[in-house]
Amino acid sequence: MTQSNNTKLHTLGHNLSDQHILVVTESTETHKLVKKACERIDDQRLGCLQTASMEDVWPLLEAQHNIVLILLSSTLHEEKISRGVIKQIRGAVQHQDLQIIVLIEQMDAASVEEIIQEVEIESVWWASDLTVERLSLDFMLTLHNREYQMALTAENEKLHKQHGIQKHQIDVLQQNVRKNTQFKATLEATSDFVGVADPMGRVFYVNAVGRKISGIGPDDDISNRVIADYHPEEANRLLEEEAFPTILKEGYWKGEVDILTPNGNSIVTSQVIIVQRREDGEVEFFATIARDISSYKRLQASLEEQERFLQLVIDNIPQYIFWKDREFNYLGCNQNFARAAGLDLPEKIIDKTDYDFSWDKSKAELYRMQDDEVMNNDCPQYHVIDSQLHRDGTLVWLDTNRIPLHDDKGRVKGLLITYSDITERVEADEALKEYSEHLETMVEESTRDLTQALEDLKVAQHQLVEVEKMAALGNLVAGVAHEINTPLGVGVTAASTLYDETKMFLEVFHDGKLKRSTLDTYIGTAQESSHLILRNLSRAAELVQSFKQMAVDQTSLEQRTFAIKPYTEEVLRSLMPKVKQAGHHIEIIGDDNLELNSFPGAYSQLINHLVSNSLMHAYSQGETGCLQLLIVQTDNKVVLEYCDDGCGIPAENVSKIFEPFFSTARDRGGTGLGLPVVYNLVTQKLGGTIRCESEVKKYTKFTIQLPLHR
């Protein structure tokens, strides 16, 4: 409610004649402040008289009967107020319509107490608190009191028989004056914004807190400020359209209003505005008390954000979650349960009961009985497995938890319920039983395969003896036994363990004592045992295959003519996933039209073993490198130079790499058969030669010469 700044302040006592304020002080500054305060109440024709001497006060009181207030300085000529001055003050007090304000500039507490005890005065001020606003407010109150006293005096002349009543009213008025002083002190001490404005919207009083919030200094003049200056545009619109119409109708209004701060921002306040009316019903002034609630608003926003985040977390949990109060009313749920209950939003479940949903009444009664048991016993129930038959005939299995909720005194105030649909897990248990039976059959078949593998290994050992370059027959037999027995032993042990665990699992299952932990343990054992059996059977099969490759009859492979470079690229294509996964790069250099008449199967095995050997031995974990294959023709031979830039081979080991079972990487799965197979393929099947040269930390190179026509 914005008013014009040019409108004069509305004041009381407009029917009084000219009146004066007597200022007893040597300070011209004090006199100027009083004069400004009087000018703000100019329609009262309030004058200002000044004297620097107490001796002049009594003559002025005798000559000027229209002096309504004395502002008395406490130090005159650098001395404290004397007994004679006190006597003159007492004489002035005999004018019952006169108010005295003592301005303390320099005085100790004892002197102040002396004045208060010996002379009845209305106010004692400190000079530092002297402002135009405070003076104008006290002057207005004084004029109001004077008007009231004059009315009482006139009434006393007419009703002299009621003198006792009039005296009582005067006493009450004087007490109110003292209370007004205490009330103003309270306003200055409050931590809330307090302001008072006239009916035209001009603000004539703002307490210390309000000045600090608005960036107004203690001595700054606020006479040109109106209510709208303290609020942003949106707040002023609220005051004008809602607040002041309500105030004028009902006498008060309360709400949240922003107040401007010195930096141009605003703070949120909880504000109460009241209107004070005169006896004739006209507005006397508007008063407001505003409390800064910015911190509360920030806290409220933070709590709301936390609630939204918590709901987001709960909604993204795969379980179904909801909670109830002690009377079984729903207080909330996550999105999963809301959908299960036929609701589109979780908040729509609030205050509903189990009887409000589509499931049968018998189910609702069962749920309530289960909930009541947990809350009455104050004992949680975890992982209760039960089944439910849906109306569409679908049977589902649920894993339910019921947990009592407590207040700050430890009393049960509600219930938290979570459940998971474990139908797939139950069905998996049934499938697992069938799988266990099938696994037993697989173990028996694997055992037979291992036995056959041993027979094949014996044949491979016999064939290896026939290879002239494989001189160390004793080492070969010992290596074969060691390499084969290890995976066979691990496989048999794993199969035996799996068989025992399966037997124990079936006993628990048939007894109806199956627990989740037992199932999880068995699944873990089955997975690990199956993995060990498969891995070791595969390893044994690879070993047997390697022996077969070294001893296989040369006539068992087909011989034909093939373009060597394109065929090499085709062979490497199957190895590229391993190579790329390790971060390596392969280069093939040669003539696309160069052809070789030989055994492509043996050649592909040769390339495969060379690359696998590099991946296994040449590089550490995380290292990358380049594998290069150069294919050239020299006379009637094809020369293959295969090279990697890995760790290299120590000089003392270069001569041993083609011996069976010589390996420096057994901890990483090396068998010592890769390069012996390569040697056998080159020298026996392909009819060529192979040699190796290497330098530690630089490279390893294999040079292979093959005849163009085998």
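When a residue number appears, it is its place in the shown sequence, counting from 1.
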Return the minimal non-hydrogen interatomic distance between [X] and [Y], and the atom names on each side.
{"X": "N336", "Y": "P318", "value": "ND2-O, 3.1 Å"}
{"X": "I247", "Y": "I274", "value": "CG2-C, 4.3 Å"}
{"X": "N224", "Y": "D229", "value": "O-OD2, 4.0 Å"}
{"X": "Y230", "Y": "S214", "value": "CD2-OG, 3.5 Å"}
{"X": "R211", "Y": "G217", "value": "NH1-O, 2.6 Å"}
{"X": "P262", "Y": "G215", "value": "CG-CA, 3.3 Å"}

Is the NZ or CZ atom of K324 positioned over Y330's six-membered ring, under 6.0 angstrom from the centre and within 45° of the axis?
yes
Could you grab the distance from atom [atom1] of [X] to atom [atom2] of [Y], nearest 0.5 Å is fine?
{"X": "L366", "Y": "S362", "atom1": "CG", "atom2": "OG", "value": "8.0 Å"}
{"X": "I267", "Y": "S294", "atom1": "CD1", "atom2": "OG", "value": "5.0 Å"}
{"X": "M375", "Y": "D325", "atom1": "CE", "atom2": "CG", "value": "8.0 Å"}
{"X": "I293", "Y": "L299", "atom1": "CD1", "atom2": "CG", "value": "12.0 Å"}
{"X": "L260", "Y": "N263", "atom1": "CG", "atom2": "CG", "value": "9.5 Å"}
{"X": "D315", "Y": "I317", "atom1": "CG", "atom2": "CD1", "value": "9.0 Å"}

Check whether [X] reaches the backbone of [Y] with its side chain - one donor and one acceptor, N or O, closer than 3.5 Å.
{"X": "H231", "Y": "V257", "answer": "no"}
{"X": "D198", "Y": "V203", "answer": "no"}
{"X": "T288", "Y": "V272", "answer": "yes"}
{"X": "N376", "Y": "E373", "answer": "no"}
{"X": "N207", "Y": "V194", "answer": "yes"}
{"X": "T269", "Y": "A290", "answer": "no"}
{"X": "D258", "Y": "A235", "answer": "no"}
{"X": "N334", "Y": "F337", "answer": "yes"}
{"X": "N377", "Y": "V374", "answer": "no"}
{"X": "D371", "Y": "I417", "answer": "no"}

Below 4.5 Å, heavy atoms only, C-beta onward: do [X] and [Y] meet side chain to side chain?
{"X": "I259", "Y": "F193", "value": "yes"}
{"X": "S302", "Y": "Q306", "value": "yes"}
{"X": "P380", "Y": "R402", "value": "no"}
{"X": "Q276", "Y": "E284", "value": "yes"}
{"X": "H406", "Y": "P404", "value": "yes"}
{"X": "K254", "Y": "S270", "value": "no"}
{"X": "D192", "Y": "V209", "value": "no"}
{"X": "L343", "Y": "F357", "value": "yes"}

Dump the intermediate steps for ring-ring contact (aromatic ring centres under 6.0 Å, His included) on F244 and F286, then the final yes or no.
CA-CA 10 Å; F244 279 102; F286 296 102; 5.2 Å; yes
With a 4.0 Å cut-off, would you call [X] and [Y] a salt bridge?
{"X": "D407", "Y": "R411", "result": "yes"}
{"X": "R278", "Y": "D280", "result": "yes"}
{"X": "K297", "Y": "E256", "result": "yes"}
{"X": "R308", "Y": "E305", "result": "yes"}
{"X": "D372", "Y": "R368", "result": "no"}

Would you say [Y] and [X] are linked by a side-chain donor-acceptor pair, where the criterion is simply a distance under 3.5 Å?
{"X": "W253", "Y": "E242", "value": "yes"}
{"X": "Q319", "Y": "T418", "value": "no"}
{"X": "E240", "Y": "N236", "value": "no"}

Is the ring centre of F285 less than 6.0 Å from the ring centre of Y205?
no
Apply side chain to side chain contact (heavy atoms under 4.5 Å, CB included) to residues L248 and V283 and explain how you reach the verdict.
CA-CA 9 Å; L248 294 175; V283 174; 4.1 Å; yes
Flag yes if more than 12 heavy atoms outside E233 fall under 6.0 Å of its CD atom; otherwise flag no.
no
OH of Y355: more than 12 outside heavy atoms within 6.0 angstrom?
yes
Checking side chain to side chain contact (heavy atoms under 4.5 Å, CB included) for the pair D344/Q335: CA distance, chi angles, key distance, verdict?
CA-CA 8 Å; D344 54 349; Q335 190 65 49; over 6 Å; no
What's the verdict on side chain to side chain contact (heavy atoms under 4.5 Å, CB included) for L49 and I21, showing C-alpha distance, side-chain angles and the deciding distance?
CA-CA 6 Å; L49 302 176; I21 304 294; over 6 Å; no
Under the criterion side-chain contact (heavy atoms from CB on, under 4.5 Å), which of I350, I314, I349 is the partner of C333?
I349
Just do the side chain to side chain contact (heavy atoms under 4.5 Å, CB included) check on F204 and V196 with the steps written out, would you?
CA-CA 6 Å; F204 60 84; V196 184; 3.1 Å; yes
